[in-house]
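Proteins get letters first, then strands, A, B, ... in listed order; numbering begins at 1 in each. Because only heavy atoms are used, hydrogens play no part in the values below, and waters and symmetry mates are left out as well, while side chains stay in.
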Amino acid sequence: MQPDLFGADRRQIRLSEGAVLLGGFALSHAEPLVAAIAALTAAAPFRHMETPGGRRMSVAMSNCGPLGWVSDRGGYRYAARDPLSGEPWPAMPVLFRTLAQDAAAQAGFADFAPDACLINRYEPGTQLTLHQDRDEQDRRAPIVSVSLGLPAVFLWGGESRAGRAARHALFHGDVVVWGGPSRMNFHGIAPLKDGLHPATGALRYNLTFRTAG
DNA sequence: GAGTTACA
DNA sequence: TTGA
């Protein structure tokens, strides 16, 4: 279901215990979010990281906040500085933090204090195959994921890699929160379909908020 | 042998 | 679903 003509889509879909899709939760802040992404990535540009195996990730990434997720031949980890510049990642905008906290609270996770915001840029054809987020120290904290721009198909699996993943459409302004018993569930994004979005053109952005340290 | 496995 |  897409946002209707008369107001924000407020569908709430329970994905599993501790995981919920909040339809349109970020819609009223979408414009400043997209503008902030442009400003942040002028300072810390999008780049294609390498997996530990040396393969180039199709999704371009950057970060803001005290810690940023990085991948290279040395493995996955969180780093306080951008490896490209040696400088700290740009500060996390107040809007980002408050939005993530509000979404987490809406999903039942009070006092979410993200110290990392991964910024993903998807072009048509790019994807993130099914994986777990397991590089964070504090796994009691949930994960908050904000979708902007082109729609995508969210893959939602279980605690094990095997088995069938559910598929849920994610639209501009949607937010997914997962934590508690769902914190380690496998998840991913199916290859992005071609298209144009008024706010982002032929791109999808995703903001992923985590407590990493 | 495990782990790789945010890939192909 | 499963590799090197």
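Along DNA chain C, read 5' to 3', the first and last nucleotides having any atom under 4.0 Å from a heavy atom of chain A are C/dT1 to C/dG3.
Note that A/Arg121 lies outside the cation-pi zone of A/Tyr205, set by a 6.0 Å cut-off to the ring centre and a 45° limit from the axis.
Residue A/Arg210 is classed as a base contact, given a heavy-atom separation below 4.0 Å to a base.
Residues A/Met57 and A/Met61 come closest through the heavy atom pair CE-CE, 3.4 Å.
The distance from the OG1 atom of A/Thr51 to the CZ atom of A/Arg73 is 9.5 Å, given to the nearest 0.5 Å.
Base-pair partner of B/dG3: not found among the strands shown (Watson-Crick or G-U wobble, both distances under 3.5 Å). When both distances must be under 3.5 Å, the Watson-Crick or G-U wobble mate of C/dT2 is B/dA8.
One finds a salt bridge joining A/Asp174 and A/Arg11 here, because a Lys/Arg side-chain nitrogen approaches an Asp/Glu carboxylate oxygen to under 4.0 Å. The pair A/Arg56-A/Glu50 fails the salt-bridge criterion, with no side-chain N (NZ, NE, NH1 or NH2) lying under 4.0 Å from an Asp/Glu carboxylate O.
For A/Thr51, the side-chain atoms get nearest to B/dT5 when compared with the rest of B/dT5, B/dA8, B/dT4.
DNA chain C is contacted by no residue of residues 119-132 of chain A, taking any non-hydrogen atom closer than 4.0 Å. Listed in residue order, the members of residues 153-167 of chain A having a heavy atom less than 4.0 Å from DNA chain C are A/Arg161, A/Gly163.
Put simply, CZ on A/Arg55 is 9 Å from C1' on B/dT5, counting in whole angstrom units. Regarding A/Met57, its CE atom lies at a distance of 11 Å from the P atom of B/dT5, rounded to whole Å.
Under the 4.5 Å side-chain heavy-atom criterion for Ile, Leu, Val, Met, Phe, Trp and Tyr, A/Leu67 and A/Met92 are members of distinct hydrophobic clusters.
The backbone N or O of A/Gly157 lies less than 3.5 Å from a partner atom in the side chain of A/Asn185, making a donor-acceptor pair.
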